[in-house]
Amino acid sequence: GAGVSQSPRYKVAKRGQDVALRCDPISGHVSLFWYQQALGQGPEFLTYFQNEAQLDKSGLPSDRFFAERPEGSVSTLKIQRTQQEDSAVYLCASSSYGRQETQYFGPGTRLLVL
Amino acid sequence: KQEVTQIPAALSVPEGENLVLNCSFTDSAIYNLQWFRQDPGKGLTSLLLIQSSQREQTSGRLNASLDKSSGRSTLYIAASQPGDSATYLCAVKKGSGAGSYQLTFGKGTKLSVIP
């Protein structure tokens, strides 16, 4: 595709609900990243995939957060039993293979937990 | 742990002025540094990327410099325009080891250019 796409763009959840956020990376991009951006803050790293392998999940804040990329393309970030502190914008980025490559970001999913 | 600080947090300038945004980082062992632009409700757009071996990069009216040893970078915007109004984020990539693919961001500088 032309760029990284994310869906839904907005999600309102009641506390305790499970949510699933989707990311469609740029076609052919090997690397995929998830970041969390709280209001007034910079994005913070959550997890990194290389193809279908999750190589780094050190940024996931708790075991309620789970990410997958089963076929090495589309990725889903799942949050179980959502809490108010999970309210944030969740950004997905993709890049070609290699640390020198620029990460291209999607528009984000804004999650509000009531 | 790497920490990235951006000063000022917000800046308002009249159209046509030149301006400088500042970024500092605590660990000088970086692989590269990027400046991004973020518009409300949108994702991040990469503006300039400076490798650790480089001193500066230029694109149009934008110039970014890097002083790795002192842990500082500046983004210079010449002849500012209302369309430049956005939040500007600085991000560094770790030099090596665990976590070397992830970006560490500052909180950003919110720029308003007044017509």
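Labels below follow one simple rule: chain letters A, B, ... track the order of the sequence lines, proteins then strands, and each chain is numbered from 1. The structure presented is a predicted model; accordingly, all values stated were derived computationally and were not measured.
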request  = Considering only heavy atoms, give the residues of residues 105-115 of chain B separated from chain A by less than 4.5 Å, sorted numerically, with 'none' for an empty result.
outcome  = B:Phe105, B:Gly106, B:Lys107

key: Heavy-atom side-chain proximity of A:Ser95 to B:Tyr101 below 4.5 angstrom   = no

task = Determine the minimum heavy-atom distance between A:Val4 and A:Cys92, stating which atoms define it.
result = CG1-O, 4.0 Å

ask   = How close do B:Gly41 and A:Arg9 get, heavy atom to heavy atom, and via which atoms?
value = O-NH2, 2.8 Å

query = Can you tell if the side chain of B:Lys42 reaches within under 4.5 Å of the side chain of A:Pro107, non-hydrogen atoms only?
reply = no

Could you list the donor-acceptor pairs under 3.5 angstrom formed between side-chain atoms of residues 86-93 of chain B and any protein atom two or more places apart in sequence or on another chain?
| unit_1 | atom_1 | unit_2 | atom_2 | d |
| --- | --- | --- | --- | --- |
| B:Tyr88 | OH | B:Asp84 | O | 2.6 |
| B:Lys93 | NZ | A:Arg99 | O | 2.7 |

message = Using a 4.5 angstrom heavy-atom cutoff, name the option from A:Tyr10, A:Phe105, A:Phe33, A:Tyr104 with the most pairs to chain B.
response = A:Phe105

request  = Among A:Lys14, A:Arg81, A:Arg110, A:Arg64, find the residue that satisfies the salt bridge (charged side-chain N to carboxylate O under 4.0 Å, His left out) test when tested with A:Asp86.
outcome  = A:Arg64

task = Without swapping roles, check the side chain of A:Glu68 against the backbone of A:Lys78 for a donor-acceptor pair under 3.5 Å.
result = no

ask   = Side-chain contact, heavy-atom cut-off 4.5 Å: A:Arg69 with A:Pro25?
value = yes

ask   = Sub-3.5 Å donor-acceptor pair from the side chain of A:Ser73 to the main-chain atoms of A:Ser27, do we have one?
value = no

query = Are the side chain of A:Ser94 and the backbone N or O of A:Leu32 linked by a donor-acceptor pair below 3.5 Å?
reply = no

note = In short, A:Gln37 meets A:Ala88 closest at the heavy-atom pair O-CB, 3.5 Å

query = Tell me, do A:Gln83 and A:Ser62 make a side-chain contact under 4.5 Å, heavy atoms counted?
reply = no

task = Pick whichever of B:Val4, B:Thr104, B:Leu103 has the most heavy-atom pairs under 4.5 Å with chain A.
result = B:Leu103

task = Heavy-atom distances under 4.5 Å only: say whether B:Gln38 touches chain A with side chain, backbone, both or neither.
result = side chain

ask   = Looking only at heavy atoms, which of residues 11-34 of chain B get nearer than 4.5 Å to chain A?
value = B:Tyr31, B:Asn32, B:Gln34

inquiry  = Under 4.5 Å from any heavy atom of chain B, what part of A:Gln103 do you find: side chain, backbone, both or neither?
reply    = both

ask   = Using the ring of each side chain (for Trp, its six-membered ring), is A:Tyr90 parallel, tilted or perpendicular to A:Phe65, with breaks at 30° and 60°?
value = tilted

task = Indicate the atoms forming the closest heavy-atom contact of A:Asp63 with A:Gln80, along with that distance.
result = O-OE1, 4.3 Å

Members of residues 44-65 of chain B whose heavy atoms come closer than 4.5 Å to chain A = B:Leu44, B:Ser46, B:Leu49, B:Gln51

inquiry  = Please find the pair of heavy atoms, one from A:Ser58 and one from A:Phe45, that lie closest to each other, and give the distance.
reply    = OG-CE2, 3.8 Å

